[in-house]
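Here is the structure we will look at, set down as structure tokens.
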Amino acid sequence: MKKDVIYIDVDDDITAIIDKIKSSSESIVALVPPRRIGLLQSAVNLRLPDRMAHTSGKKLVIVSSNKSLVAL
């Protein structure tokens, strides 16, 4: 399976991230957030891209070593 790696910019908001996922043509999308991103620190902000990916038939993966993000 092919995957698409999307690097999230510090200035990206949740709609920009969702748009990047939508524009991906691959079935697996890996999100790589920057070290300090407050946007993905809440469960609600993680559910929105996950729900959109699920309805689009895509698998969403987050690549991070941030312990609080991994816990969510």
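Keep in mind it's a predicted model, so treat the numbers as computed, not measured. In this chain, residues are counted from 1 in sequence order.
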Is there a side-chain contact between [X] and [Y] in this structure, where contact means two heavy atoms from C-beta onward sitting under 4.5 Å apart?
X: V5; Y: V32; answer: yes
X: L31; Y: L60; answer: yes
X: I8; Y: P34; answer: yes

Show me the side-chain donor-acceptor pairs of residues 46-56 shorter than 3.5 Å, one per line, residues at least two apart or across chains.
residue, atom, partner, partner atom, Å
T55, OG1, R51, O, 3.3
T55, OG1, M52, O, 2.9
S56, OG, M52, O, 3.0

List the atom pairs, with distances to 0.1 Å, where a side-chain N or O of residues 15-25 and a protein N or O form a donor-acceptor pair under 3.5 Å, not counting sequence neighbours.
residue, atom, partner, partner atom, Å
T15, OG1, D13, OD1, 3.1
T15, OG1, D13, OD2, 3.1
K20, NZ, D12, OD2, 2.6
S23, OG, D19, O, 3.3
S23, OG, K20, O, 3.0
S24, OG, D4, OD2, 2.9
S24, OG, E26, N, 3.3

